[in-house]
Amino acid sequence: FDDGNVFLATTTYIFRVHKGILSLNSTVFRSMFSLPQPIEGEDSYKGLPVVQLVGDRDDEVAILLRAMYERNFYRKNQPTAFWTICALLRLSTKYAVDNIRKEVIDHLAMVYPSTLAECDAVHEGKMASVLFRPFRQHDFALLSLARACSADILLPALFYECASHSVDTILDYKPDGSWPGWIGNDLGVCLAGRHKLLVAIRETVFKFLDAPSPTDCVSSRSSCFTAKQTRYVENYMFFTINPAVFRRELIKILCSSCQSALKSSLEEGRNELWKKLPEFFGLPKWEILEGNAATL
């Protein structure tokens, strides 16, 4: 901007912008501009101060500035390029641009939610259009980004989605330079949580399959029990808490009483499992995560 009164400098570009706009959006820039300014010739250009943005990519700085200046550039309920979301979360966290950071986290939470009902909506494809086009490693990339940016409310659902991949896919994840690799021991946390989750799914979500048929079974109790046992063996490593397909298969072969018992058992198990989901990955309980998120 020709009337800008400060330059932001990356390794390649300089951006002439306004202290007032930056200070309004970012507490980091506000504090920075409250310090004594250098005399002309020292960290200045064309008589204006220059702020060196060390370690920030040119394109990501441009994305953050556009989000500050152009209100319609980014909206949480609209599909957005993956790189735009990454840039906004990373830099809004670094420079404490709280309004943009909260909007990005809320956007990602539409696909990596904190409630079971929202998780079901995601798996049923109802939220597919609100984020970017999926690609093979996006769950892992976003987990690393969310961890690096302390977006903790997203972590349980992100760990769950990462753990839902095969062990080979998990071990094969590699960063491409645009996002970090595994943070700390998150690879071990993911694999250990995956095992705990598999055990818990069998003990909660699918516990009905290994239980005797109810006394009011209107079919042959042995027939329904055999059908359930067959599915139990087939789905012993079935990794999901969304039982829609699984339930449809069983409904075709169970009597009405067993169908009702199945539905009740699945919902009870799913709710129990979701409540404990953060604990499988060494995270605080949902109540704590949601309370912290409310203060963003």
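The shown structure was predicted, so the numbers you read here are calculated from the model rather than taken from an experiment. No hydrogens, no waters, no symmetry mates; every other heavy atom, side chains included, goes into these values.
Using cut-offs of 30° and 60° for the angle between ring planes, the His18 and Tyr69 rings count as tilted.
Of all heavy-atom pairs between Ser26 and Val97, the closest is CB-CG2, 3.9 Å. Considering every non-hydrogen atom in both Lys76 and His107, the closest pair reads O-CD2, 2.7 Å. Residue Trp182 comes nearest to Leu187 through the heavy atom pair CE3-N, 3.5 Å, listed as atom of the first residue, atom of the second, then distance. Smallest separation of non-hydrogen atoms from Ala141 and Tyr173: CA-OH, 3.7 Å. The minimum heavy-atom distance between Leu91 and Val61, with the atom names listed, is CD1-N, 3.7 Å.
You'll find the side chain of Pro278 reaches within 4.5 Å of the side chain of Leu289, heavy atoms only. Residues Tyr74 and Ile63 fail the side-chain proximity criterion, which asks for heavy atoms closer than 4.5 Å. Two residues are said to be in side-chain contact when any heavy atoms from C-beta on lie closer than 4.5 Å; Arg71 and Arg75 meet this criterion.
For Tyr13, the OH atom is loosely surrounded, since the number of other residues' heavy atoms within 6.0 Å does not exceed 12. Around the CG atom of Asp3, the shell of radius 6.0 Å holds more than 12 heavy atoms that belong to other residues, nucleotides or ligands.
Salt bridge Glu267/Arg270: present, at least one basic N to carboxylate O contact under 4.0 Å. The pair Lys102-Asp106 meets the salt-bridge criterion, since a charged nitrogen lies less than 4.0 angstrom from a carboxylate oxygen.
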field: Leu8/Phe29 under side chain to side chain contact (heavy atoms under 4.5 Å, CB included): CA gap, chis, key distance, verdict
entry: CA-CA 11 Å; Leu8 301 183; Phe29 283 118; 4.0 Å; yes

- request: Give the C-alpha distance, both sets of side-chain angles, the deciding distance and a yes or no for side chain to side chain contact (heavy atoms under 4.5 Å, CB included) between Leu48 and Val6.
  value: CA-CA 6 Å; Leu48 298 177; Val6 66; 5.9 Å; no

- request: Please step through side chain to side chain contact (heavy atoms under 4.5 Å, CB included) for the pair Asp56 and Tyr95, ending with a clear verdict.
  value: CA-CA 11 Å; Asp56 297 334; Tyr95 294 108; 2.3 Å; yes

field: side chain to side chain contact (heavy atoms under 4.5 Å, CB included) evaluation trace for Asp2 with Arg16
entry: CA-CA 7 Å; Asp2 292 339; Arg16 187 169 183 171; 5.6 Å; no

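The cluster map of Ile, Leu, Val, Met, Phe, Trp and Tyr, joined by side-chain heavy atoms under 4.5 Å apart, puts Val199 and Leu277 in different clusters. The hydrophobic cluster containing Leu65 also contains Val28, counting ILVMFWY residues as joined when their side-chain heavy atoms lie under 4.5 angstrom apart, directly or transitively.
Looking at Trp286, its side chain does come within 3.5 Å of a backbone N or O of Trp274 through a donor-acceptor pair. Using modelled atom types, no side-chain atom of Asp58 and backbone atom of Thr10 make a donor-acceptor pair closer than 3.5 Å.
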